[in-house]
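To start, the structure under review is shown below, and the notes come after it.
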Amino acid sequence: MQIHVSQQNVRLTSALHAYIAKKLQKLERHMPEVIGAHVAIIHDPLQTNKRAYAVKVHLAVPGRDLHAEEHGHDLYETIDLLMETLEKQALKRKTELTKRNRRVARQAKDTLKTGTTSQ
């Protein structure tokens, strides 16, 4: 997975990049088909302390892409909240795909069953 991190008013350290990469790698167990990720980190020093950081993620996957955004006062805590949101979205997507696949398989089985008995 390719990870691109952009920042505004934040110094991107290797530790921060490694932390983001580690968190995104955990998503691959739910969604191994992730192509790439774009992470935007924005710090607004004029905001109140509760919303000083904004972190946005765009995950490129086959089909609809996943997007998430979180705001917070601590950068690492905001990243953790964002990853929880993305994990929920990934699990929901996986469940939807599984249900769809089971429904299609059930319909194909019923079609074969009715098709062989009607001949």
Side-chain angles (χ1 to χ4, degrees):
M1 165 184 11
Q2 292 182 345
I3 301 172
H4 179 263
V5 180
S6 61
Q7 72 279 355
Q8 182 179 356
N9 296 329
V10 177
R11 184 166 179 238
L12 183 62
T13 62
S14 60
L16 181 59
H17 193 278
Y19 186 77
I20 292 169
K22 179 183 163 190
K23 292 292 186 174
L24 286 172
Q25 292 296 329
K26 288 183 180 181
L27 285 177
E28 283 191 326
R29 66 180 160 179
H30 300 298
M31 298 182 66
E33 67 274 3
V34 175
I35 299 166
H38 180 259
V39 181
I41 303 171
I42 302 164
H43 181 313
D44 188 1
L46 300 178
Q47 283 284 347
T48 61
N49 289 338
K50 294 185 179 184
R51 298 180 57 89
Y53 290 99
V55 182
K56 302 175 185 180
V57 172
H58 173 109
L59 281 181
V61 294
R64 293 183 321 207
D65 292 349
L66 298 179
H67 303 274
E69 180 178 349
E70 288 291 336
H71 298 270
H73 68 283
D74 180 37
L75 181 58
Y76 287 93
E77 183 180 314
T78 306
I79 292 170
D80 290 341
L81 289 173
L82 181 75
M83 293 305 160
E84 287 177 16
T85 304
L86 281 174
E87 188 171 2
K88 288 177 187 177
Q89 289 181 10
L91 288 172
K92 182 177 179 181
R93 180 185 176 101
K94 185 176 179 180
T95 303
E96 288 173 355
L97 290 174
T98 303
K99 284 183 180 181
R100 184 181 322 144
N101 289 341
R102 286 182 180 168
R103 185 176 60 245
V104 168
R106 190 177 320 115
Q107 289 173 349
K109 183 179 175 183
D110 290 343
T111 303
L112 286 175
K113 193 176 193 180
T114 58
T116 55
T117 56
S118 63
Q119 290 179 354

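No hydrogens, no waters, no symmetry mates; every other heavy atom, side chains included, goes into these values. One-based numbering along the sequence shown.
Note on residues 15-37: pairs passing ring pair (Phe, Tyr, Trp, His ring centres under 6.0 Å), not counting sequence neighbours, are Tyr19-Tyr76. Residue pairs meeting the side-chain hydrogen bond (donor to acceptor under 3.5 Å, both in side chains) criterion with at least one member in residues 57-70, sequence neighbours excluded, are His58-Asp65, His58-His67, Glu69-His71, Glu70-Thr85.
Taking the ring-ring contact (aromatic ring centres under 6.0 Å, His included) definition, one finds that His38 meets it with His4, sequence neighbours left out. In this view, Arg100 satisfies the salt bridge (Lys or Arg N to Asp or Glu O under 4.0 Å) rule with no residue, not counting sequence neighbours.
Summarising the geometry of Gln89 relative to Ala68, their closest heavy-atom pair is NE2-CB, 4.4 Å, with the distance given to 0.1 Å.
Note on Val57 and Ile35: separate hydrophobic clusters, where clusters join Ile, Leu, Val, Met, Phe, Trp and Tyr whose side-chain heavy atoms are under 4.5 Å apart, directly or indirectly. Residues Ile42 and Val5 do not share a hydrophobic cluster, clusters being chains of Ile/Leu/Val/Met/Phe/Trp/Tyr side chains in contact below 4.5 Å. Clustering ILVMFWY residues whenever any of their side-chain heavy atoms sit less than 4.5 angstrom apart, transitively, puts Leu12 in the very cluster that holds Leu75. Connection of Leu59 to Leu81 is not established within any shared hydrophobic cluster, with ILVMFWY side chains joined at heavy-atom distances below 4.5 Å, either directly or through further cluster members.
Counting only distance, with no hydrogens or angles, the side chain of Asn9 and the backbone of His43 share a donor-acceptor pair below 3.5 Å.
Atoms CG and NZ, from Asn101 and Lys99 in turn, are 13.0 Å apart once rounded to the nearest 0.5 Å.
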Could you pull out every donor-acceptor pair under 3.5 Å between side chains of residues 20-29 and any protein atom, sequence neighbours left out?
residue : atom : partner : partner atom : Å
Lys23   : NZ   : Asp80   : OD1          : 3.3
Arg29   : NE   : Lys26   : O            : 3.3

Show me, pair by pair, the donor-acceptor contacts under 3.5 angstrom made by side chains of residues 102-109, not counting sequence neighbours?
none

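No more than 12 heavy atoms of other residues, nucleotides or ligands sit less than 6.0 Å from atom CD of Gln2.
Proximity of Met31 to Leu66: side-chain heavy atoms (C-beta onward) are separated by under 4.5 Å at one or more points. Between Gln7 and Leu16, the closest side-chain pair of non-hydrogen atoms is not below 4.5 Å.
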